[in-house]
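Please read the structure below before turning to the comments.
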Amino acid sequence: MISIDLSGRTALVTGANSGLGRAIALNLAAAGARVCVNYLDDRAAAEAVVAQMQPTGGPALVIGADVSQPSQVDRMFAEVDQAFGGLDILVNNAGIDGRRELCADGDPAHWQQVMSVDLLGPYYCTRQALKRMVPRRRGVILQITSVHEFIPWAGYSAYTSAKAALSMFTKTVAQEVATQGVRVLAIAPGAVRTPINADVWGNPDSLRDLDQKIAMARPGEPDEIGRVAAFLASDLASYITGTTIAVDGGMLIYPDFSHGG
Ligand code: BGC
C-alpha cells in the first residue's frame, strides 16, 4: 500500500488559519508532519487548526506574521528554527484576490498591496526557506498560484499578474536549486469553496455562472487541494520540480468547447 509519509518533517504554511491554507496544514499534519500555522490577524482560528491536527500530526506551532513585511518574515523563520531546528516544507499559501478594479480606474496603492502579499510575500519566504534547505540538501517549496496564472480575469490585473509572476519565479528558483535536493513547484487551484470567493459560490446565480466555467461543473473542496499538497510535499513526488500542477476540476480545458465551436 502506498501512503503519504511526512513524519519527521517540519512544514510552514502561510495563511493557514482558514481556507486552502487550513486544509493544506491539516493534510500535512495527517501525513505526520510538524506544522507551523502562520496567520495574519486571527490567532484563535490558527489555534483551532492546530487543535484539529491532533493526534495525527507532530507538535504544531502558531506564528503570527504579515508575509508582505520582510522583517516579520525573518522573525517567523527564526521562530520556526527555535521550535524545530530547521524547515523541510514551505507552502506559500497566503494571498488575497484584492478588490475588483478595472486597470484604468484602479488605485496604484491597491495594486501594490496585492503584489506585496501575493508575489513579494512568497519571495521573502522562499529566500528564507532556501537558506535553510540548501545547506541540508533537502526541502520542498510549494507555491499556491491559481488558474489565473494562465487565465486572464478582468478587474483583477494585480492578482493575475502576481500569480503569473509567481509561476515564473517558481520555475527560475527551481532551476537554481534542482541539483541541491530542493524541489520548488506550484499548485494552481481553480475555484475552491473558501472564504475568498464565498460571495460567488454562496449566491445561486453566480454559482451557476461559475459552474459553467468548470468542466466538472462544481467548485472544488479545500481538501481536494490539501491532499495534493501533501503528496507534492512528500518523497512520492521526488521527480516533480519547476512546474505547476493544476487542481481545478478542468477549468483550464475550456469547458465552453464541450459543445459547438
Ligand atoms: C481566486 C478565486 C476564484 C478562482 C477562480 C482563484 O484564484 O482566488 O476567487 O474563484 O480563482 O476564478
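Since we're looking at a predicted model, the values are computed, not measured. Ligands are counted one by one from 1 in listed order, and the atoms in each one are counted from 1 as well.
The shortest contact between atom 10 (O) of ligand 1 and any protein heavy atom is with Asn197 ND2, 3.2 Å. Ranking protein heavy atoms by distance to atom 9 (O) of ligand 1, first place goes to Asp97 OD2, 2.6 Å. In this structure, atom 12 (O) of ligand 1 lies nearest to the protein heavy atom His148 NE2, 2.7 Å.
For the pair Lys163 and Asp97, the salt-bridge criterion is not met [side-chain N within less than 4.0 Å of a carboxylate O]. Using a cut-off of 4.0 Å between Lys/Arg side-chain N and Asp/Glu carboxylate O, Glu224 and Arg193 are scored as not salt-bridged.
Within the 4.0 Å heavy-atom cutoff, Trp201 does not count among the residues contacting ligand 1. Contact between Lys213 and ligand 1 is absent, with no heavy atom of the residue lying under 4.0 Å from the ligand.
Within the 4.5 Å cutoff, the side chain of Phe169 has heavy atoms near those of the Gln143 side chain.
Here the closest heavy-atom approach between residue Asp199 and residue Ser206 is recorded as O-OG, 3.7 Å. Between Gly190 and Val147, the closest heavy-atom pair is CA-CG1, 3.7 Å.
Taking the six-membered ring where tryptophan is involved, the planes of Trp153 and Tyr156 are essentially parallel, since the angle between them stays under 30° and well short of 60°.
Residue contact check: Tyr159 has heavy atoms under 4.0 Å from atoms 1 (C), 6 (C), 7 (O), 8 (O) of ligand 1. Residue-ligand proximity, Ser146 to ligand 1, at heavy-atom distances under 4.0 Å covers atoms 6 (C), 7 (O), 11 (O).
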